[in-house]
Amino acid sequence: METNTPGNYLNSLNDVQRQAVTTIDGPVLVVAGPGSGKTRVLTYRIAHIIQQGTAPWAIMALTFTNKAAREMKERIGKVVGPQADKVWAGTFHSIFARILRVEAEKIGYPSNFTIYDTDDTKSLIGTILQEMHLDRNVYNPNTVRSRISSAKSNLITPRLYAQNEELRNQDRMAKMPQIYDIYEKYVVRCKRAGAMDFDDLLYRLYELLQTNPDNILEKYRSRFTHFLVDEFQDTNHLQYSIIRKLVNFDNSPRNICVVGDDAQSIYAFRGATIQNILDFEADFKPFNIRVFKLEQNYRSTDHIVQAANVLIQNNSRQIPKKIWSDKGEGHKIKVLEAITDNEEGKRVIDTIVEQKNRFHLSNSDIVVLYRTNSQSRIFEEYLRRFNLAYKVYGGQSFYQRKEVKDLIAYLRLVVNMKDEEALRRVINYPKRGIGQTTVEKIGELAAATNRTMWECLLEVQAGARTANALTGFKEMIVKANAQLDTSDAYELAVHMAKQSGLLDDLKADTSIEGLSRKENVDGLLDAIKSFVDEDTVIDTQTLPDKSLATYLQNIALLTDADENADQRDFITLMSIHSAKGLEFKSVFVTGLEEKLFPSYLSMENAEGMDEERRLFYVAVTRAEQFLTLSYAKNRYRFGQMRINDPSRFLGEIPRQHLESTAYIRTGGEEAAVSTMSRVMGNFQKRTSASSPVLRADPKDFKPSASENIQAGMKVLHLKFGEGKVISIDGGKDNRIATIHFQDIDAPERRIMLKFAKLQILE
DNA sequence: GTTGGTATCTGTGGA
DNA sequence: AGATACCAAC
């Protein structure tokens, strides 16, 4: 339990934690293993800083996710009360966006700048490619995007990029020599559209501090006196450069605490670098840096902790540390083998049902993790079949659905008419007779005259019909724009949904998908309504209003995972990436196959492989009590069934932490078993005791219909042999038998009748 | 300009 | 398998 009384919060900490909390002057590096009470340290530290007399608004606490930020604020609130809201705690992107809203005009952006998401970025790059007559098949927009993104993350401007022989050579080798040019055009276009992409939210702030108009640097240096950075291992060079600007200067108190775990760095793919930890140590070494290592794990039982310890040692570089737990040995790790991805789904859900029954777990105790979001589908199907409540995080989020984005695009356009991506999206949706040709003409004119498409809207040659449509479109937006100051976000959104014809268009579609699209738009409108009604606005300090502009700012940086999960009791499905920082009693890590996990995209070099291993480490260490690993020997990918070897990571877990009972399929499993021991590498030395034994001859085995099985019957099970049904419980479609088997170690088994094959003997 | 059908491509993670 | 690009017919 949390301690809420001020003063005695220090008592609930161990020695190292307490030092990390109370050492508030000067630079501090906290190396925090999984489950080591990192969040607790951060929150108590903030509370401590406040209680030592610092104003809450002089504290900046940067996290990676809104979820982490919200949790932190809540927990600070418990210790210091309502002042917690005054702390500048949030994601890098949201805190920096907040500053930029105030300062944007100093670097040539409107204060109501739009935030381009990944789709906007990709589509803008697509447009530029088209204008440059470059082949999309050669210039993959995704590749181009990530090149641009990593350039920004490393403070490489278009000009520097053009001069950088190494980068240019890489591009030439990749047959994309023009990337530097695309980059430059992209930056110009974003600026002209009054838009910042995710990287700009960081980069433009850096630019602001670097160019220092009106001595703005001084303003923020003196405003914030204490800094905290969570998940420091996942920051990129650009983020660290900003921090350094704000913290590391002459006469600065350098009150900064960074918390991270090199073993949990999983965002190198988007520019994060462990180098930052090393740089931090070097940069602050002259200023009496203190390093604290949190090594006690309060989350998991020992088999889990030890397994994690061993497997991470396969990585080449790491800060030495030994995570330990005093939670007792706990349960061994279970491995599920399946023939197909579909069967994997079934076996995972079977195991979930079994665990729920045997250990009285709630749905919310359970998480199913996977490497790629596309793996969620099969689990969803089986969960539905079993009537188990679940929630899928990530994947296509609510705000990425077409119909939602459409309405939002209208709203964006009303707020910022220069927003080209929004304009392109809705100029002819719903259909109003402005075709592709016209849109292209407008785009070309805009590009040729260095203006926005909005300005060129009525200047292109077009037939009377089209010209009419264009005028109508423009007037509609202008009219709505005029209402910005008088209407709140909800009124305007409803107005636009109706006026644009979007609502009518959705109503006309009576298919099931059409209905759900309509529901989504209604859902969006509801969300806007509650934004207007509620007092809780993320950025109350800067924009304490209910305007559409404020609303758009708030949602641009929101992801599905940030929505307040309603209190219902559900099983969680998510990617391992989004599970970082979370914990569950029972964790399923699925799809442990070579080329999937580790991903084939990471297999080329050692760094990629190490990052995959860290990802596996993160997955494993989410578990408190139960850890189940699963893999399928065959899996559909790219529309084709592929054969996969089990992941090497399975082989890296020492045998003694694994449950010995190997899984055996009913029917033709001899082959399965031998394959398993062959491919599992380290598993090979298993003793005969661990190999599965058939207790019934498959040839004579004739399973009976499960409905007929009743308490008191004598039954035969292929693997467990003869047994007596003690009792039956569970619902009609979910009957579970408790069976006493004669000659196995743990004679009492609970078996789902729906799936178990049992032959009635008498 | 719009519609609908076919060919082609593409494939991690997320603020 | 699903999304998108492309093309031919209305």
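All values below come from the heavy atoms of this structure, side chains included, with hydrogens, waters and symmetry mates left out. Nothing here was measured: the structure is a model prediction, and the numbers come from that model. Order of the sequence lines sets the chain letters (A, B, ...), proteins ahead of strands, with each chain counted from 1.
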| request: With DNA chain B as reference, determine whether A/Thr438 or A/Ser599 sits nearer its 5' end, using the nearest nucleotide of each. | output: A/Thr438
| Roughly how many Å is it from CG in A/Asn342 to P in C/dA1, rounded to a whole number? | 13 Å
| From the list C/dA5, B/dT2, B/dG14, which nucleotide is the closest neighbour of the side chain of A/Tyr267? | B/dG14
| message | Of the listed nucleotides (B/dC9, B/dG1, B/dG13), which one gets closest to any side-chain atom of A/Thr437? | response | B/dG1
| query | Roughly, in whole Å, what's the span from NZ in A/Lys595 to C1' in B/dG11? | reply | 14 Å
| What interatomic distance, in whole Å, is found between C1' of B/dG13 and the corresponding atom of C/dT4? | 22 Å
| request: Look at the side-chain N and O atoms of A/Lys431 and state whether any lies under 4.0 Å from the OP1 or OP2 oxygen of B/dT3. | output: yes
| task | Looking at every strand, decide which applies to A/Thr118 at a 4.0 Å heavy-atom threshold: base, sugar-phosphate, or nothing. | result | base
| query | So does A/Glu74 pair up with A/Arg70, basic N to acidic O under 4.0 Å? | reply | no
| message | Output the rounded distance in Å from CG (A/Leu601) to C1' (B/dG13). | response | 11 Å
| said: Ring-plane angle category for A/Tyr220 and A/Phe224, please: parallel below 30°, perpendicular beyond 60°, tilted otherwise. | reply: parallel
| message | Looking at A/Asn373, I'd like to know whether one of its side-chain N or O atoms comes within less than 4.0 Å of OP1 or OP2 on B/dG13. | response | yes
| request: Look at atom NZ of A/Lys595 and say whether more than 12 heavy atoms of other residues, nucleotides or ligands are closer to it than 6.0 Å. | output: no
| request: Starting at atom CZ of A/Arg425, determine the distance to atom P of C/dT4, rounded to an integer number of angstrom. | output: 10 Å
| request: Could you please name the option among B/dG14, B/dT3, B/dG1 that lies closest to any side-chain atom of A/Arg145? | output: B/dG14
| request: Return yes when atom CZ of A/Arg384 has more than 12 non-hydrogen atoms of other residues, nucleotides or ligands closer than 6.0 Å, and no otherwise. | output: yes
| How long is the line joining CG of A/Asp199 and C1' of B/dA15, in whole Å? | 9 Å
| To the side chain of A/Glu612, which of B/dT12, B/dT2, B/dA15 is closest? | B/dT12
| Of all the choices, B/dT3, B/dG13, B/dG11, which nucleotide is nearest to the side chain of A/Asn140 once you look at every atom? | B/dG11
| When you match A/Ser602 and A/Arg432 each to their closest nucleotide on DNA chain B, which lands nearer the 5' end? | A/Arg432
| message | Nearest to the side chain of A/Thr372, heavy atoms from C-beta on, is which of B/dG13, B/dG14, B/dT2? | response | B/dG13
| request: With heavy atoms under 4.0 Å as the rule, sort A/Phe64 into base, sugar-phosphate or nothing. | output: sugar-phosphate
| Shortest side-chain distance from A/His577, nucleotide among B/dG11, B/dG13, B/dA15 | B/dG13
| Sugar-phosphate only, base, or nothing, as touched by A/Asp117 at under 4.0 Å among non-hydrogen atoms | nothing
| task | Send over the distance from A/Leu369 CG to B/dG13 C1', rounded to a whole Å. | result | 13 Å
List the atom pairs, donor and acceptor, that lie under 3.5 Å between side-chain atoms in residues 259-266 of chain A and the rest of the protein, sequence neighbours left out.
unit_1, atom_1, unit_2, atom_2, d
A/Asp261, OD1, A/Ala263, N, 2.9
A/Asp261, OD1, A/Lys321, NZ, 3.2
A/Asp261, OD2, A/Gln264, NE2, 2.8
A/Asp262, OD1, A/Lys321, NZ, 2.8
A/Asp262, OD2, A/Ile319, N, 2.7
A/Gln264, OE1, A/Arg622, NH2, 3.2

| Option among A/Ile408, A/Asn416, A/Val415 that satisfies the side chain to side chain contact (heavy atoms under 4.5 Å, CB included) test with A/Arg412 | A/Ile408
| Which nucleotide sits closest to the side chain of A/Ser578: B/dG14, B/dA15, B/dT12? | B/dG14
| note | Rounded to whole Å, the CG-C1' distance (A/Leu62 to B/dA15) equals 13 Å
| query | Which one, B/dG14, B/dG11, B/dT2, comes nearest to the side chain of A/Tyr600? | reply | B/dG11
| note | With the side chain defined as heavy atoms from C-beta on, A/Thr91 is closest, among B/dG13, B/dA15, B/dG1, to B/dA15
| request: To the nearest Å, give me how far apart CD1 (A/Ile434) and P (B/dT2) are. | output: 9 Å
| Closer than 4.0 Å, any side-chain N/O of A/Ser575 to the OP1 or OP2 of B/dT12? | no
| How is A/Arg642 classified with respect to the nucleic acid when contacts are heavy atoms under 4.0 Å: base, sugar-phosphate, or nothing? | nothing
| request: Tell me, with the steps shown, if A/Glu611 and A/Arg614 meet salt bridge (charged side-chain N to carboxylate O under 4.0 Å, His left out). | output: CA-CA 5 Å; A/Glu611 175 144 318; A/Arg614 291 192 295 268; 3.2 Å; yes
| task | Just call it for A/Arg465: base, sugar-phosphate, or nothing, with non-hydrogen atoms closer than 4.0 Å on any strand. | result | nothing
| query | If the C1' atom of B/dT12 is compared with that of C/dA5, how far apart are they to the nearest Å? | reply | 24 Å
